[in-house]
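First the structure, in the form of structure tokens, and then the observations on it.
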Amino acid sequence: MNDSICPCRLMAAEKLSLAACCGPNLEAPSRAPTAEAQMRARYSAYVLGKLDFIHDTMAPETRKEFDRKSVARWSSQSQWLGLEVQATENGQPGDAEGVVEFSAHFTAEGKKQEHHERALFRFEPTEKAWVFVDALNRIKAPVVKGPQPGRNDPCPCGSGKKFKKCHGAAAA
């Protein structure tokens, strides 16, 4: 693990190294003690192209919707600028669920974009880990100027689902 600034902390006042922040969680999803820590690690996984981590930290019932090829393309073709966590609700050790509201900043096709989401996480006892369940603000899909994602492209929200099954379904 290197000493570079953790991708989830690029916009934070306190700059932690990857080794001191998301690195240990990326090695073992069950290490994340809170929903926020797991969400930060998922963001870092997108930045670092750790697709297995993204898949493995989805709720088991949603993993079949994971489109690895499309997510890999989206992850590698975006320039990730940072993460802002606006709020958390529950999601602490001992909680069954938690919500993390965040904005992920990135550049795609030369245009700066912001993805704002309220993400629902659940503590999965069988895996002893926090898993991403769904975006609670699905109706407020990110505004993307320029080419829109195709039906089978990964949803820009980062859920790992195809656009047509995620934010594309809300727009239909």
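All residue numbers in this chain count up from 1 along the given sequence. Keep in mind that the numbers below use all heavy atoms, side chains included, and drop hydrogens, waters and symmetry copies.
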(request) Report yes or no: do Gln113 and His115 form a side-chain donor-acceptor pair below 3.5 Å? (result) no

(message) Test your reading of the model: is there a side-chain donor-acceptor pair from Asn25 to the backbone of Cys22, 3.5 Å cut-off?
(response) no

(message) So, taking the atom named CG in Leu136 and the one named CZ in Arg118, what distance separates them when rounded to the nearest 0.5 Å?
(response) 5.5 Å

(request) Would you mind reporting whether Ser4 and Ser17 have side-chain heavy atoms less than 4.5 Å apart? (result) no

(message) Taking ring-ring contact (aromatic ring centres under 6.0 Å, His included) as the criterion, tell me which of Phe53, Phe132, Phe106, Trp80 meets it with Tyr43.
(response) Trp80

(request) For the residue pair Pro154 and Asp67, establish whether any side-chain heavy-atom pair is separated by less than 4.5 Å. (result) no

(request) Supply the atom-to-atom distance His105 NE2 to Lys112 NZ, rounded to the nearest 0.5 angstrom. (result) 10.0 Å

(request) Evaluate the side-chain proximity of Glu61 to Val131: yes if any heavy-atom separation is below 4.5 Å, no if none is. (result) no

(request) Output, in order, the C-alpha distance, side-chain angles, deciding distance and verdict of ring pair (Phe, Tyr, Trp, His ring centres under 6.0 Å) for Trp130 and Phe121. (result) CA-CA 6 Å; Trp130 287 98; Phe121 285 82; 7.3 Å; no

(request) Begin with the C-alpha distance, continue with both residues' side-chain angles, and end with the deciding distance and a verdict on side chain to side chain contact (heavy atoms under 4.5 Å, CB included) for Glu101 and Val85. (result) CA-CA 6 Å; Glu101 183 174 357; Val85 174; over 6 Å; no

(request) Please answer: with hydrophobic residues joined when any side-chain heavy atoms are less than 4.5 Å apart, are Met58 and Met39 in the same cluster? (result) yes

(message) Distance alone, cut at 3.5 Å: any donor-acceptor contact between the side chains of Ser103 and Glu114?
(response) yes

(message) Could you measure the distance from the CD atom of Gln77 to the CD atom of Glu109? Nearest 0.5 Å is fine.
(response) 8.0 Å

(message) On a heavy-atom basis, which atom in Cys21 and which in Cys8 lie closest, and how many Å separate them?
(response) SG-SG, 3.6 Å

(request) Sort and list the pairs that fulfil salt bridge (charged side-chain N to carboxylate O under 4.0 Å, His left out) and have at least one residue in residues 44-56, not counting sequence neighbours. (result) Asp52-Arg68

(request) Determine which pairs satisfy salt bridge (charged side-chain N to carboxylate O under 4.0 Å, His left out) with at least one residue from residues 75-85, sequence neighbours left out, and list them in order. (result) none

(request) Considering non-hydrogen atoms only, spot the tightest contact between Ala119 and Phe102 and give its length. (result) CB-CE2, 3.9 Å

(request) Identify whether the distance between the nearest side-chain nitrogen and carboxylate oxygen of Arg31 and Glu127 falls below 4.0 Å. (result) no

(message) Between Asn90 and Glu97, is the side chain to side chain contact (heavy atoms under 4.5 Å, CB included) condition met? List the steps.
(response) CA-CA 7 Å; Asn90 301 321; Glu97 291 185 340; over 6 Å; no

(message) How long is the straight-line distance from CZ of Arg40 back to OG1 of Thr34, given to the nearest 0.5 Å?
(response) 9.0 Å

(message) Hydrophobic clusters here meaning ILVMFWY residues chained together by side-chain heavy-atom distances under 4.5 Å, can you tell me if Leu83 and Leu81 are in one?
(response) no

(message) Whether Arg122 and Glu124 form a salt bridge (side-chain N of Lys/Arg under 4.0 Å from carboxylate O of Asp/Glu) is what I want to check.
(response) yes

(request) Please step through side chain to side chain contact (heavy atoms under 4.5 Å, CB included) for the pair Glu36 and Gln92, ending with a clear verdict. (result) CA-CA 8 Å; Glu36 179 183 343; Gln92 298 300 310; over 6 Å; no

(message) Is it true that, when you exclude Lys15 itself, more than 12 heavy atoms of the residues, nucleotides or ligands shown sit nearer than 6.0 Å to its NZ?
(response) yes

(request) Answer yes or no: is there a donor N or O on one side and an acceptor on the other, between the side chain of Arg42 and the main chain of Ile54, under 3.5 Å? (result) yes

(request) Specify the closest pair of heavy atoms between Thr62 and Val133, including all atoms of both residues, with the distance to one decimal. (result) CG2-O, 4.0 Å

(request) Just jot down the ring-ring contact (aromatic ring centres under 6.0 Å, His included) partners of His55, sequence neighbours excluded, or say none. (result) Phe66

(request) Could you state whether Leu16 and Leu10 fall into the same hydrophobic cluster, counting links through intermediate Ile, Leu, Val, Met, Phe, Trp or Tyr residues with side-chain heavy atoms under 4.5 angstrom apart? (result) no

(request) Indicate yes or no for a side-chain donor-acceptor contact from Ser78 to the backbone of Ser75 under 3.5 Å, with no hydrogens or angles considered. (result) no

(request) Using the side chain to side chain contact (heavy atoms under 4.5 Å, CB included) rule, take Leu18 and Ile5 through it: C-alpha gap first, then chi angles, then the decisive distance, then the call. (result) CA-CA 6 Å; Leu18 181 61; Ile5 295 173; over 6 Å; no

(message) On a heavy-atom basis, which atom in Ala45 and which in Leu26 lie closest, and how many Å separate them?
(response) CB-CD2, 3.8 Å

